[in-house]
Amino acid sequence: MKSIADLEKIRQATLSKVNLRRESEGTRIVVGMATCGIAAGARPVMNAFVDEVAKRNLMDVTVAQTGCIGMCRYEPIVEILAPGKEKVTYVHVKPEMVPRIVNDHVVNGNPVVEYTISNAE
Amino acid sequence: MELFRSTILVCGGTGCSSSGSMKLYERFEELLASNGLDKEVKLVRTGCFGLCAAGPVVIIYPEGAFYSHVKLEDIDEIVSEHLIKGRVVTRLLYKDEAKSQELKPLDEINFYQKQKRVVLRNCGVIDPENIDEYIAFDGYKALAKVLTEMTREQVQQEILASGLRGRGGAGFPTGLKWKFAMGSTGKKYVCCNADEGDPGAFMDRSVLEGDPHAVLEAMAIAGYCIGSDEGYIYVRAEYPIAVKRLEIAIAQAREYGLLGEHIFGTDFNFDIHIRLGAGAFVCGEETALMNSIEGKRGEPRPRPPFPAVKGLFQKPSILNNVETYANIAQIILKGADWFKSMGTEKSTGTKIFALGGKINNSGLVEIPMGTTLREIIYDIGGGCPNGKAFKAVQTGGPSGGCLPASMLDTPIDYDNLIAAGSMMGSGGMIVMDEDNCMVDIARFFLDFTVDESCGKCTPCRVGTRRMLDILNRICDGKGEDGDIERLEDLAQSIKASALCGLGQTAPNPVLSTIKQFRNEYEAHIYEKRCPAGVCKNLMRYVIDPEKCKGCTLCARNCPVGCISGTVKQPHTIDQSKCIKCGTCMEKCKFGAISKK
Ligand SMILES: Cc1cc2nc3c(=O)[nH]c(=O)nc-3n(C[C@H](O)[C@H](O)[C@H](O)COP(=O)(O)O)c2cc1C
Ligand code: SF4
Ligand code: SF4
Ligand code: SF4
Ligand code: FES
């Protein structure tokens, strides 16, 4: 290591891995991962979110899991909680939908209405 | 790039390791692999979280679920419930949280609420054996900053302006210490005191185990400031985990070129060695420590000359405590004003205490200076167990003193504690309740110093021995009129003439207990009575004939058979044979036996 730039490179590369150990202020993506959710395919969805967040190097975003949200017939369910905004709930989420949710909603702040629960009902 | 959705932090601190956390770690490793979760969930062994009384501790992020008293059998459930199904296992949550049956963020648990984790910020968060994780949280950035942007004088002035005072006990301003060593030219040394000999103290060990790079980085900064290219860490051999993590950290820092030659491409060179201490308390004293590093007997040398002039290998040197160093990088990065915003005017920043004794939440606590004893003992520590009454708190270890309940509202800082007759010391804090005898406590600490005195000077070697003899006599019920005054006279002359800090402070526990609890000394001496019922020769077990039902249980359990009586008749104890083991009182179901 010869310069501060080298140090910064290691910092950036490691930060995203350790960042979720701090209670973060940023957006939380919460995937319902109870038995019903897993049976409906929540695991690949969760992994798709993790990959997408990593790929885009999003620092303030955490992907978390939660238990049964209580609407099993809509599983896999994903909730996105951005600071200061109302919670948005996506239903019947498939891995293919994830890049768009991350791009439109998490990064640009425009929920993908057609995937949300209000649309399903 | 890898990213994990969850992180399991298994405490690898000393407390939790001794209650089996390594086994838990291995079981997690196994189960993550067999469930195919090892690519999604990261497993990390961290340093102490501070709540050792609740150990072994496991924390799972991003939920921040704090599991306490985790057993090997629980791991399967945590993996299948929490990690696979995403349901927090409420049964295992730390009790403070479990009451509400829902998850509270870690910083809302009472134990952490009043704390401010500055020095311990990385402990329990990063993997101490991975330098990248330290770097991720701004590690080595302060070293880069001083080497590329600051002059030596600016570094010294920043540290001085922060008001940082030595955390090893005496509270000497660190910036001033560095200044004294800056003047001369030629070979100099930077030393780190990780000897931590106070009974009950484990702050420094926890920093070394949880965040070793913080100390290495600070020593390099100190090296740049005073103009030194070589450092020594003097660490107790009884701290094998700390030693191992330091070795790993030094190797990783060397590999990255953060120790060695031309650090960050500058002309600055610095390297660090570890020296193991044999565990004598006096080796924590600065001149004795330097003798010991040099391979000589660990005996204090007379001062002057001071280490800043003639220290290690007769070269100008500085010595700072582990916790002192652990503040340095953050002061450089965040500035002296930030540091001064915490604490009191004359004692800035935070201090770590090892809270122990008769307290519900024993463990490591880091608080801003100026927090009151009451807040530490009640709000953080949860008070004395079993509803017993608080009696005193001892700070400063064998050099310190006891503070009674009337002083609970004292804000903690260096000067207040000294004014109250104790001292900060390195941060041991032992809580005592109504069942502790203060004469016995004084005797305990003096016994420790008598054992640890190196014997080089007479006041300490002979004087502390004589004080201990008097205390032993008092506790045995053979105290005489004038003993208190004799203790005070001896104490004054030892304080005035001992060569090193060990002797000079050894009488403090006695003096402070005489000052605050003189009535207990008097009860021992004049009434031959130990009010707390601790000193065996001064108490008796007696059976209350009114309450005794004659069940014979006590008589059957007395190991020396000194209880007599017939069935259904009140029993009596033969005091001349009783060995005061207390068994009878424990056994009696009718509360008929008491200590007098
Ligand atoms: C008998 C005795 C034991 C000591 N033990 C320690 C110790 O274990 N750790 C420590 O940091 N300082 C200890 N000290 C204080 C050191 O001599 C020294 O003041 C301190 O390490 C300086 O660092 P600081 O200015 O950062 O506090 C001890 C002093 C005496 C007299
Ligand atoms: S005061 Fe005690 S420990 Fe210190 S040099 Fe004298 S005998 Fe040794
Ligand atoms: S155990 Fe209690 S009640 Fe029974 S004989 Fe002994 S003192 Fe009396
Ligand atoms: S204190 Fe022990 S020795 Fe004494 S009477 Fe009770 S059981 Fe017997
Ligand atoms: S050793 Fe685990 S919390 Fe202290």
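Letters A, B, ... are given to chains in the order of the sequence lines, protein chains preceding strands, and every chain is numbered from 1. Values below: all heavy atoms of this structure, side chains included; hydrogens, waters and symmetry mates excluded.
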Can you find a pair of side-chain heavy atoms, one from [X] and one from [Y], that are under 4.5 Å apart?
| X | Y | value |
| --- | --- | --- |
| Ile84(B) | Arg43(A) | yes |
| Val50(A) | Glu40(B) | no |
| Ile10(A) | Tyr256(B) | yes |
| Ile135(B) | Thr14(A) | no |

What part of [X] gets within 4.5 angstrom of chain A, counting heavy atoms only: side chain, backbone, both, or neither?
| X | answer |
| --- | --- |
| Asn130(B) | neither |
| Leu258(B) | side chain |
| Leu37(B) | side chain |
| Thr266(B) | neither |

Quick check: are there more than 12 heavy atoms from other residues, nucleotides or ligands sitting under 6.0 Å from [atom1] of [X]?
| X | atom1 | answer |
| --- | --- | --- |
| Glu255(B) | CD | no |
| Asn108(A) | CG | yes |
| Lys334(B) | NZ | yes |

* Between NZ on residue Lys145(B) and CD1 on residue Ile4(A), distance to nearest 0.5 Å ->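 Those atoms lie 10.5 Å apart.
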
dist Arg11(A):CZ -> Phe137(B):CZ (nearest 0.5 Å) comes out at 10.0 Å

Item checked: Full working for side chain to side chain contact (heavy atoms under 4.5 Å, CB included) between Phe264(B) and Asp6(A) -> CA-CA 9 Å; Phe264(B) 286 115; Asp6(A) 296 341; over 6 Å; no

